[in-house]
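Notes to accompany the following structure.
Read the numbers this way: they start at 1 and go in the same order the structure lists the ligands and their atoms. None of these values were measured; they are calculated from a predicted model.
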Amino acid sequence: MATISFEFFPPKTESATQSFFETAALLKAYDPAFMTVTYGAGGATKDGTFETVTRLQAETGIPAAAHLTFINTDIAHLKDYTDMLWDAGIKRLIALRGDMPEDLQWPLDPDGNYFQFTSDFVEALKSWHDFDISVGAYPEVHPDAPTLAADLKALQLKCEAGADRAITQFFFENETFFRFRDEVEKLGIQTPLVPGLLPVHDLARLQSFAARCQASVPQSLIEAFDGVEPESDAAFALAEDLLAAQVEGLVSGGVEHIHFYTLNKANLLGKSCMAAKNAA
Ligand code: FAD
């Protein structure tokens, strides 16, 4: 059996908020270990994240984690915001750099008012409060990293700084995850590596998003959807089966926890959640 978690983004309208909490209630039935709420780069959805994550935890009774990015936000603000989360009962964070805004260059220059690397951020968060902290990991290498070795080193530093788990960028071939896990293990990193899985709601959209994230969409996936009407029952059934097969393969390869990028929708996840729960 594998445990599961669900990731959401903060809803922007009243009707989206209503359907968000209906979706969360449906997914609660699969007994997730935690649910997470993303954070807009540059603080754009900071308030949305806070309101959503606190209400999500209160309504479902499931531990909720707030994503938090440090880029473009000074340390004093991050400290105040995390104090507010902690005081509101949010004890879990997904700690991230965030995507680079156009006016900044990577790597960041040292600046006493800002964090430079996610490892520094994780270390500070742990010193402020005893948060459970997840960080990101990139089986196909982060787009800003010059090499896989450099990216693995960055992951190692985040783990040494106190991360409790690393959740991966989405991928569609389990071999990609297993190869990456081997590299992580070779470095002696003991922090659990959690695969992050993205259901295929809309292949065309997914392809353009994946290109920006440097995540590959295999030809086999494109061929599987060839001739299948988008958003039809057939597309739905195919996406549901592909995701469940991916989960089964990961669990039989020793994976103990799976994180789903829900896109605030429950409809493709049932079979996969059951596959994770019922695995021997
Ligand atoms: P980092 O670990 O900071 O790495 C970024 C780059 O810096 C890499 O190239 C890495 O190799 C390099 N690097 C890191 N440390 C060092 C170092 N010490 N020395 C040299 N190089 C270093 N974005 C949002 O805006 N909001 C969200 O809610 C959000 N949620 C996410 C959830 C998950 C599970 C994942 C995987 C990503 C999420 N993202 C989110 C995207 C994320 O913010 C971007 O991918 C961002 O560009 C990298 O953030 P990071 O903390 O994962 O990467």
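- When the heavy-atom distances from atom 39 (N) of ligand 1 to I167, L96, V194 are ranked, the shortest goes to L96.
- Of the charged side-chain nitrogens involved, at least one lies within less than 4.0 Å of a carboxylate oxygen, so that D241 and K271 count as a salt-bridged pair.
- Side-chain N/O atoms of D74 and H77 include a donor and acceptor closer than 3.5 Å.
- Every heavy atom of G196 sits 4.0 Å or more from the atoms of ligand 1.
- When hydrophobic clusters are built by joining Ile, Leu, Val, Met, Phe, Trp and Tyr residues whose side-chain heavy atoms come closer than 4.5 Å, directly or via intermediates, V228 is grouped together with L198.
- Of the candidates Y138, W106, Y261, it is Y138 that places a heavy atom closest to atom 45 (O) of ligand 1.
- Aromatic rings of F178 and F180 (six-membered ring for Trp) have centroids beyond the 6.0 Å cut-off, not under it.
- In summary, the atoms of ligand 1 found under 4.0 Å from a heavy atom of G98, numbered by their order in the structure, are 43 (O), 46 (C), 47 (O), 49 (O).
- Of the N or O atoms in T168, none lie within a sub-3.5 Å distance of an N or O in ligand 1.
- With sequence neighbours left out, E175 forms a side-chain hydrogen bond (donor to acceptor under 3.5 Å, both in side chains) with no residue at all.
- Comparing heavy-atom distances from atom 19 (N) of ligand 1 across F117, F115, F170, F121 singles out F117 as nearest.
- Of all the heavy atoms of T69, the ones lying under 4.0 Å from any atom of ligand 1 belong exclusively to the side chain.
- Under 4.0 angstrom from ligand 1, the non-hydrogen atoms of L157 all belong to its side chain.
- Contacts of F115 classified as ring pair (Phe, Tyr, Trp, His ring centres under 6.0 Å), with partners at least two apart in sequence or in another chain: F121.
- Remark: R97 is not positioned above the aromatic ring of F70, lacking an NZ or CZ atom under 6.0 angstrom from the ring centre and at most 45 degrees off the axis.
- For the 3.5 Å distance criterion, the side chains of T3 and E256 fail to qualify, holding no donor opposite an acceptor.
- Contact annotation: for H67 versus ligand 1, heavy atoms closer than 4.0 Å belong to the side chain alone.
- Only the side chain of K158 comes within 4.0 Å of ligand 1, counting heavy atoms alone; its backbone N, CA, C and O stay farther away.
- The heavy atom nearest to atom 9 (O) of ligand 1, out of those in P107, A145, A95, is found in A145.
- For atom 8 (C) of ligand 1, the choice among D151, D120, L152 with the nearest heavy atom turns out to be D151.
- Numbered from 1 in the order shown, with element, the atoms of ligand 1 that lie under 4.0 Å from a heavy atom of T38 read 28 (O).
- Nearest to atom 13 (N) of ligand 1 by heavy atom, out of P146, A154, A66, is A154.
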- Determine, step by step, whether K79 and D83 satisfy the salt bridge (Lys or Arg N to Asp or Glu O under 4.0 Å) criterion, reporting the C-alpha distance in whole Å, the side-chain angles of both residues, the deciding distance to 0.1 Å, and the verdict. CA-CA 6 Å; K79 169 80 170 68; D83 285 349; 3.0 Å; yes
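- Listed by number with element, the atoms of ligand 1 under 4.0 angstrom from any heavy atom of D144 are 9 (O).
- Taking the six-membered ring for Trp, F209 and F170 have ring centres closer than 6.0 Å.
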